[in-house]
Amino acid sequence: MPELPEVHTIASDLKKNIEGCSIDGVEIENGYKVNPNNKDFSQKLVGSRIDKVGRVSKNIVIKLNSGDFLTFHLAMTGRLLLRDTKSPKDTHQKIQIKLSNKEKNLALRFCDARMFGKVGVWNGQEIKGLKEKYGPDMIMQEILPGDFMERLKSKNTTIKHALLEQTIVAGLGNIYATDALWMAKIHPETKTRELDIKRSTDLLKSAKEILTEGILHRGATLPDEAYVDIFGQPGSHQKHFRIYGKAYCPRCKTKVEYKKINGRGTYFCPSCQK
DNA sequence: ATGTTTGTTCCGAT
DNA sequence: CATCGGAACAAACA
């Protein structure tokens with residue numbers, strides 16, 4: 001489930017809590033598979049130290065002192081939890097990584113109900129390749145409106161679909177893209193080829209604004225609690241959704257329309273999104 | 001029982 | 001060969 005604000009929250013909390021820790025052990029649930037394989041994964045992790053925690057698009061990327069990188073992609077239902085080593089196993093727990101420094105012993109746990117998530121260890125070259133496959137990050141990189149427009153126009157599809165394409169711009173998911181289009185008063189089925197500079201500028205501004213707001217609210221947690229932070233706490237951005245999940249447009253009170261656009265549930269106001 | 005779901009990748013059609 | 005749309009991945013929930 002996590003989109004940029006949720007992944008950002010996890011990465012920044014992890015940064016404060018596990019940088020400098022040594023990796024003492026790795027436990028992988030029976031049948032669960034990681035990259036490149038479970039044996040090499042464990043061997044490369046155990047005995048190394050965590051240098052830096054960061055994010056590449058929606059991947060959590062952890063740099064080790066060995067020069068290798070540990071990555072997590074949470075997909076729809078992945079969770080990263082920082083627990084006491086003695087705390088009981090979490091639901092859908094797939095991996096436990098034991099960490100320690102002078103003051104504490106911790107367990108970093110990866111859990112995933114639907115198992116669309118991905119976990120692995122990679123070398124520097126592979127991480128370079130990972131970074132290269134994504135478009136500019138909506139928060140960490142400066143994107144000029146003209147560039148944003150050209151990138152969107154490079155794909156001949158609906159604006160909603162193009163926004164979700166991480167190779168075009170990185171960070172938006174279904175919820176934030178839906179709200180960004182509402183903020184910019186753009187119909188989600190608008191063809192990318194019909195974009196002009198004014199609408200592209202509005203959309204870029206809206207997307208950055210909604211993602212920034214999401215970060216301030218520590219992400220959005222839906223009723224199923226697929227996303228919680230590393231301490232198991234929900235975010236609060238769900239209280240600030242603009243049109244996602246709404247029945248009436250907050251701007252003009254028109255009844256909200258819901259339809260699948262390129263396979264994803266999309267809410268929009270038929271009156272003010274043109 | 002059926003239709004949903006926050007993401008991404010792959011396959012078939014064009 | 002390149003591009004696009006949709007299915008598929010798997011599980012929980014209403």
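Throughout, protein chains are lettered first and strands after them, A, B, ... in sequence-line order, and every chain is numbered starting at 1. Quick caveat: nothing in here was measured; it's all calculated off a predicted structure.
- A distance cut-off of 5.5 Å between ring centres, combined with a plane angle under 30°, leaves A:Phe116 outside any stacking arrangement with the base of B:dT8.
- When heavy atoms are screened at a 4.0 angstrom cut-off, A:Gly117 is found touching no nucleic acid atom at all.
- A 6.0 Å sphere centred on NZ of A:Lys52 holds no more than 12 heavy atoms belonging to other residues, nucleotides or ligands.
- Defined by atom type and a distance below 3.5 Å, a donor-acceptor pair is missing between the side-chain atoms of A:Ser48 and A:Asp68.
- Atom C1' of B:dT6 sits at a distance of 23 Å from the matching atom of C:dC4, rounded to the whole Å.
- Residue A:Lys118 is classed as having no contact, given no heavy-atom separation below 4.0 Å to the nucleic acid.
- Atom CD1 in A:Ile60 sits about 19 Å away from atom P in B:dT6, given to the nearest Å.
- Within the structure, a side-chain polar atom (N or O) of A:Asn174 is placed less than 4.0 Å from OP1 or OP2 of B:dT6.
- Look at NZ on A:Lys260: it is 8 Å from C1' on B:dG3, rounded to the nearest Å.
- Residue A:Ala75 has its side chain nearest to B:dG7 when only B:dG7, C:dG5, C:dA11 are considered.
- Rounding to whole angstrom units, CG of residue A:Asp224 and C1' of B:dT6 are separated by 8 Å.
- At the heavy-atom level, A:Tyr244 lies under 4.0 Å from the strands shown only through sugar-phosphate atoms.
- Taking side-chain N and O atoms only, A:Tyr267 has no distance below 4.0 Å to OP1 or OP2 of B:dT6.
- Counting heavy atoms of neighbouring residues, nucleotides and ligands inside a 6.0 Å radius, atom NZ of A:Lys98 does not exceed 12 of them.
- For B:dG7, the OP1/OP2 oxygens have no side-chain nitrogen or oxygen of A:Gln166 closer than 4.0 Å.
- For B:dT6, neither phosphate oxygen OP1 nor OP2 lies less than 4.0 angstrom from any side-chain nitrogen or oxygen of A:Thr77.
- In this model, the phosphate group of C:dA11 is not approached by any side-chain N or O of A:His92 to a distance below 4.0 Å at OP1 or OP2.
- Which of B:dG7, B:dT6, C:dG5 sits closest to the side chain of A:His73 comes down to B:dG7.
- Within 4.0 Å of A:Gly263, counting heavy atoms only, lies no atom of the nucleic acid at all.
- At C:dT3, none of the side-chain N or O atoms of A:Lys155 fall inside 4.0 Å of OP1 or OP2 (strictly under the cut-off).
- Neither side chain, A:Lys191 nor A:Asn156, offers a donor N or O lying under 3.5 Å from an acceptor on the other.
- Side-chain N/O atoms of A:Tyr227 and A:Gln238 include no donor and acceptor closer than 3.5 Å.
- Looking at residues two or more places apart in sequence or on another chain, you find a side chain to side chain contact (heavy atoms under 4.5 Å, CB included) between A:Lys205 and A:Glu209.
- B:dT6 is unpaired under the criterion used here, namely a Watson-Crick or G-U wobble arrangement in which both key atom distances are under 3.5 Å.
- Considering only side-chain N and O atoms, A:Arg264 lies under 4.0 angstrom from the phosphate OP1 or OP2 of B:dT6.
- In this structure, the CE atom of A:Met76 is 10 Å from the C1' atom of C:dC9, given to the nearest Å.
- The nearest whole Å value for the distance from the NZ atom in A:Lys133 to the C1' atom in B:dC10 is 13 Å.
- For the pair A:Ile261 CD1 and C:dG6 P, the interatomic distance rounds to 12 Å; values are reported in whole Å.
- Atoms CD (A:Glu3) and P (B:dT8) sit 9 Å apart, rounded to a whole Å.
- Between A:Lys58 atom NZ and B:dG7 atom P there is a gap of 4 Å when expressed in whole angstrom units.
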